[in-house]
Amino acid sequence: MVKLFKEDIKTSEVLAWKGVHLFHFSGSSCSQKTRIVLNLKGIEWVSHPINLLKAENYSQWYLGINPRGLLPALVHNGDVYIESNDIVSYLDGTFETPKLIPNDHRDRILEQLNTEDELHLDLRTLTFGFCLPKFLTGKPPAALDALESSAGTVEGKTDSHKKIQLAFWRELAEHGVTPDQAINSAKRFKKAFSSVEKQLADQAFLYGDEISIVDIVWFIYAHRLKSTGYPFKRLHPGLESWYSAILSRPEIVKEVADPVPLKVIRYLTQRYQALTNATFEKVTGI
Ligand SMILES: N[C@@H](CCC(=O)N[C@@H](CS)C(=O)NCC(=O)O)C(=O)O
């Protein structure tokens, strides 16, 4: 559980905030996960949008709340939590119903959340490779420099996560998404979703009749992957009714809806990829 120490929090005004506050961005998958959990649990929360397209997450103000410069971040009565899976676990423990991490399966669920987190950069790779033109995927070098030079600590220690983020963005700026990266990311998702499909073979949701946090996190990845051209229906036919059942919930669908400009950009990007033999299926061979 990544709960920041008081001395990590340089934007000290948040220490006095009461209630539940979420820093988030509409199109961020980790933010979507957290908003869905807040909705399903009926928790009242204050919204603090941070625009990733304007690199607001690298402002000194936001780095003073989340030294990793990532979304989401949760403030609850002055305590700051980062890492979306830690945030949803915290919310589930603090706001009892409906229970999204049933106690009987807690260890396995935490393991699955870990697996999902490890695939996060693969999701980014495929999103940037197949939904957006390259010129829209980068971060301003000055913003990356701001992250690199910020002296923020996480739980009192210099944080190693920053290096991973910086390497990702700098490599992306240098060579875009390479075919090898796309192939490897696609294969990892194929493996992960094959295992989700097995677990769902004879039940409506991954832990029985009720939706759990694991359904939510895999649903969000499935939803994003579908938009990249990953052949979800062909590879995982057993997941279609599970996916549609989750998508039909009003507390969920509203959090994953794409804005019209993004849909237009994605449509044009994928038309161009079709004309140049560079679609998801052509590149990954999956
Ligand atoms: N492991 C982190 C990943 C967070 C993450 O990568 N968030 C993305 C949005 S989904 C972000 O803030 N990206 C902005 C950036 O890297 O500049 C979590 O689960 O919270």
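This is a predicted model, so every value here is computed, not measured. Atoms within each ligand, like the ligands themselves, are counted from 1 in listed order.
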What about S29: any of its N or O atoms under 3.5 Å from an N or O on ligand 1?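 The answer is no, given that S29 and ligand 1 share no N or O pair closer than 3.5 Å.
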
Geometry only, no angles: is D117 polar-contacting ligand 1 at N/O separations under 3.5 Å?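 Checking ligand 1 against D117, an N or O pair does fall under 3.5 Å apart.
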
Side chain, backbone, both or neither: the part of [X] lying under 4.0 Å from ligand 1 by heavy atom:
X   : value
I87 : neither
Y58 : side chain
I82 : neither
L70 : both

Before you tell me yes or no, could you show the steps for W218 and F189 under ring pair (Phe, Tyr, Trp, His ring centres under 6.0 Å), namely the whole-Å CA-CA distance, both residues' side-chain angles and the distance that decides it to 0.1 Å? CA-CA 10 Å; W218 289 121; F189 277 114; 7.4 Å; no

Whether F193 and F232 hold their rings parallel, tilted or perpendicular, with breakpoints at 30° and 60°: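 Correct class here is perpendicular.
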
Report yes or no: does a heavy atom of W169 sit under 4.0 Å from some atom of ligand 1?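 Yes, W169 has heavy atoms under 4.0 Å from ligand 1.
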
Look at [atom] and say which protein heavy atom is nearest, naming residue and atom and giving the distance to 0.1 Å.
atom                    : value
atom 6 (O) of ligand 1  : R124 NH2, 2.9 Å
atom 19 (O) of ligand 1 : S84 OG, 2.6 Å
atom 1 (N) of ligand 1  : E83 OE1, 2.7 Å
atom 14 (C) of ligand 1 : N57 ND2, 3.4 Å
atom 12 (O) of ligand 1 : L71 N, 2.8 Å
atom 10 (S) of ligand 1 : S28 OG, 3.3 Å

Side-chain donor-acceptor pair present, [X], [Y], cut-off under 3.5 Å:
X    : Y    : result
E255 : N39  : yes
H236 : Y230 : yes
H76  : T94  : no
Y58  : E148 : no
D215 : W242 : yes

Can you tell whether the side chains of K263 and D258 come within less than 4.0 Å, N to carboxylate O?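 Salt bridge between K263 and D258, a charged N being under 4.0 Å from a carboxylate O: no.
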
Under 4.0 Å between a side-chain nitrogen and a carboxylate oxygen: does that hold for E116 and K33?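 Yes, charged N to carboxylate O under 4.0 Å.
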
Quick check on contacts: which atoms of ligand 1 are under 4.0 angstrom from a heavy atom of C30?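 Per the distance check, 3 (C), 4 (C), 10 (S), 18 (C), 19 (O).
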
